[in-house]
Each structure stands twice: as structure tokens, then as C-alpha cells.
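Shown next, in C-alpha cells, is the structure this report addresses.
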Amino acid sequence: MIQFGTNPIAWANDDDHSIGADIPTERILREAGEEIGFDGIENGHRWPEDPEALRALLASHGLKFISGWYSTELLTRSVEDEINAARRHIARLKHNGCKVMIVCETSNAIHCDATRPVNDRPRLSAEEMAAFGRKLETFAKYLAGEGLTLVYHHHMGTIVESPEEIDALMAATGPKVHLLFDAGHCYFGGGDPVAVLTKHIGRVRHFHAKNVRPDVMARVRSEGLSFLQGVVAGVFTVPGDQEGAVDFAPLMRILAANAYSGWIVIEAEQDPGLRNPLLYQTLGLATLKRLAAEAGMTRAV
């Protein structure tokens with residue numbers, strides 16, 4: 001059984017709060033819930049920190065809290081310190097009935113730095129990746145005891161971006177560490193989304209349906225733009241956009257063939273002043289619902 005969700009980053013960016021700053025929070029929730037009809041929404045900087053206030057706010061718009069990004073710093077601190085740093089976030093997820101915790105290592109990431117070319121991202125040696133994987137697996141075991149599945153978000157500008165790094169992370173972890181597969185970050189990172197999803201589908205517990213405009217992606221690479229500059233230029237878009245390069249039909253078939261159960265989330269940040277979130281998110285959801293139905297997946301009630 002699947003559920004369809006979105007992320008408020010389409011309306012109000014979490015890495016650069018100036019993007020979408022003029023859009024009222026009420027509009028985000030009304031459009032995502034009542035007007036477009038998503039089942040849930042991920043975390044954003046506009047949401048209240050109090051777990052019950054968050055639940056009540058989203059529920060008033062017919063939305064569930066799906067989960068939210070958590071920045072680990074396991075390269076620079078101990079697992080015990082990571083657990084202590086994450087306690088409030090964990091409690092917020094548990095109170096809202098979340099099943100997964102989205103994690104990405106950011107201690108040396110550059111995706112939030114508008115002055116750093118995304119090409120200059122950090123990389124780990126094989127030994128460093130193995131050591132990181134051991135710590136991440138230990139952290140994941142703790143989360144499993146709290147009823148949460150750790151899903152690692154491979155992401156541009158971080159230590160896990162390329163398909164080879166996804167392979168290395170999966171090899172360095174298990175069985176508690178799982179994968180958040182992001183179609184757009186996979187493509188942008190040099191991977192074939194169909195091949196990567198097929199290879200790691202057994203570990204996938206969360207799915208981000210992000211599309212990529214290849215001409216903008218090529219410009220980001222060739223001109224040495226930062227991740228945020230790429231976002232503003234329009235590198236990302238939604239499923240169904242004819243400017244996007246990712247074909248979501250085979251991805252939905254892979255999920256269906258492997259009995260994927262969980263969230264399918266449109267997390268496609270764009271400049272809302274140039275590309276209306278209501279229109280693009282409506283297109284994205286309609287596309288995913290059609291493709292998922294054609295693949296034989298059933299939507300949870």
C-alpha cells in the first residue's frame with residue numbers, strides 16, 4: 001500500500017529561506033492538502049516544533065506528517081552524541097506516527113553554501129566510508145529500537161552522491177540502514193535511476209519523486225554553479241514535466257514488482273516565483289497516481 005506526499009520545499013525553500021519567503025504558511029498547507037489532495041507532507045522550517053501542535057496543524061488540512069530531514073554529523077562526533085542531538089527530532093517523529101527517519105551526513109556537506117560549486121563536494125576514501133558506515137549502522141540500530149527505520153538520503157553536495165557511493169554505503173551498512181531513493185539526485189549524481197533502483201530496491205524504504213532538467217544540470221556542471229544556484233536556475237522539476245529527463249513509469253513498475261509499501265513523495269524544489277507550486281505539484285501528483293495505478297500499486301485509504 002502506498003501513500004502520496006509532498007515537501008514544503010516546493011513553496012518555501014529550507015536551504016535558502018529567502019526563496020518563497022513571501023508565501024504564507026496557510027497557503028502551503030491549503031494547496032497541498034485541500035486543493036491538490038496529498039496524503040501527507042514532510043518537514044519544513046515553517047512547521048511548529050511542538051509535536052502535537054504540528055500534528056494538529058497538518059490534520060486541519062487533511063495531511064499526515066510523513067517524516068523529515070535530519071542532518072547527522074557522524075564524521076565529527078560519536079554515535080552517543082548523535083543520539084543525544086537527535087532526541088527531540090525522534091520524539092517529534094514518534095508522536096506523529098512516522099515510520100522512517102530521513103538522514104543525511106552534513107558535517108562537511110556544501111549543498112547549503114551558495115558560493116561553493118556543487119562539483120567541489122566532499123568525498124570519502126574506501127576506508128573512511130567503511131568507518132562511517134559502521135557508525136551509521138549503530139545509529140540505525142538505536143532508531144530501530146525506537147520504532148523508526150533509518151533511510152539514508154543520497155544527495156548532491158554530500159559524501160553520498162554518485163551511484164558508486166550509494167553502492168559503497170549500502171555495502172558498508174546493513175541490515176538496519178535503508179535507502180531513501182531519490183530519482184532526481186540519482187540522475188544529477190550521474191546514475192541511471194532505473195539501474196540504481198533495481199540494484200538496491202531491497203533496501204529502499206522511502207521514495208522521492210524528483211525530476212531533472214538536463215540542460216540546466218549540464219550548465220550547473222560546466223559553469224561550476226552551486227547547488228542552490230542550480231535550484232534557482234530550475235534544475236529540478238516534478239514528474240510529468242516534459243522538460244524533465246527522468247521516466248517515472250519504469251520506476252513505479254520496479255516498486256510494484258517488489259511490493260513497495262510506503263510513501264512516494266514529490267520533493268522537487270523550484271523558485272515558486274517562476275514556477276507556480278500549485279500547478280507543478282498538481283501535475284506531479286496526477287502523473288504519479290496514473291503511473292502507480294498502471295503499475296498495479298494500491299493507494300492506502
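Note: hydrogens, waters and symmetry copies are ignored here, and every other heavy atom, side chains too, is used. Counting begins at 1 with the first residue of the sequence.
Other members of the hydrophobic cluster containing Val100, listed by chain and number, are Ile102, Val151, Leu180; membership follows side-chain contacts under 4.5 Å among ILVMFWY residues, whether direct or relayed. Alongside Val265, the hydrophobic cluster contains Ile66, Trp263 (criterion: ILVMFWY side chains under 4.5 Å). Under a 4.5 Å side-chain heavy-atom criterion applied to ILVMFWY residues, the cluster that includes Leu279 comprises that residue alone. In this structure, Val232 shares a hydrophobic cluster with Ile19, the cluster being traced through Ile, Leu, Val, Met, Phe, Trp and Tyr side chains under 4.5 angstrom apart.
Among residue pairs with one or both ends in residues 222-236, those qualifying as salt bridge (Lys or Arg N to Asp or Glu O under 4.0 Å) are Arg219-Glu223; sequence neighbours excluded. For the side chain to side chain donor-acceptor pair (under 3.5 Å) condition, the pairs that include at least one residue of residues 159-169, sequence neighbours left out, are Arg121-Glu161, Arg121-Glu165, Glu161-Arg221, Ser162-Glu164, Ser162-Glu165, Asp167-Lys199, Asp167-His200.
Taking the six-membered ring where the residue is Trp, the centroids of His61 and Trp47 are separated by 6.0 Å or more.
Not counting sequence neighbours, Thr76 has no partner by the side chain to side chain donor-acceptor pair (under 3.5 Å) test. Judged as a ring pair (Phe, Tyr, Trp, His ring centres under 6.0 Å), and not counting sequence neighbours, the contacts of Phe181 are His154, Phe207. Listed by chain and number, the residues in a ring pair (Phe, Tyr, Trp, His ring centres under 6.0 Å) with His206 are His208 (sequence neighbours excluded). Evaluation of the side chain to side chain donor-acceptor pair (under 3.5 Å) rule for Thr72 yields Glu105 as partners, not counting sequence neighbours. For Glu52, the side chain to side chain donor-acceptor pair (under 3.5 Å) partners are Arg55, His95, not counting sequence neighbours. Scored by the side chain to side chain donor-acceptor pair (under 3.5 Å) test, Asp15 finds no partners at all (sequence neighbours excluded).
Checked options Val231, Thr237, Asn276; the residue passing with Gln270 is Thr237 (criterion: side-chain contact (heavy atoms from CB on, under 4.5 Å)).
Here the side chain of Glu146 pairs no donor or acceptor atom with the backbone of Leu143 at under 3.5 angstrom.
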Margin query: His155 vs Phe188, test: ring-ring contact (aromatic ring centres under 6.0 Å, His included). Steps then yes/no.
Written below: CA-CA 9 Å; His155 197 284; Phe188 199 165; 9.7 Å; no
Item checked: Derivation and outcome, ring-ring contact (aromatic ring centres under 6.0 Å, His included), residues His17 and Trp11 -> CA-CA 10 Å; His17 292 188; Trp11 289 265; over 10 Å; no
Margin query: Assess the residue pair Asn43 and Trp69 against the criterion (side-chain contact (heavy atoms from CB on, under 4.5 Å)); give the C-alpha distance rounded to whole Å, side-chain angles, the decisive distance to 0.1 Å, and a yes or no.
Written below: CA-CA 7 Å; Asn43 198 31; Trp69 174 287; over 6 Å; no
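Under the 4.5 Å side-chain criterion, counting only non-hydrogen atoms from C-beta, Leu63 is not in contact with Thr6. For the pair His185/Met156, a side-chain contact is recorded, criterion being any heavy-atom separation below 4.5 Å from C-beta on.
Between Glu269 and Lys210 there is a salt bridge, since a side-chain N of the basic residue sits under 4.0 Å from a carboxylate O of the acidic one. The pair Arg213-Asp241 meets the salt-bridge criterion, with a side-chain N (NZ, NE, NH1 or NH2) lying under 4.0 Å from an Asp/Glu carboxylate O.
In the hydrophobic clustering of this structure, Leu58 groups with Phe4; members are Ile, Leu, Val, Met, Phe, Trp, Tyr whose side-chain heavy atoms approach within less than 4.5 Å, directly or through other members.
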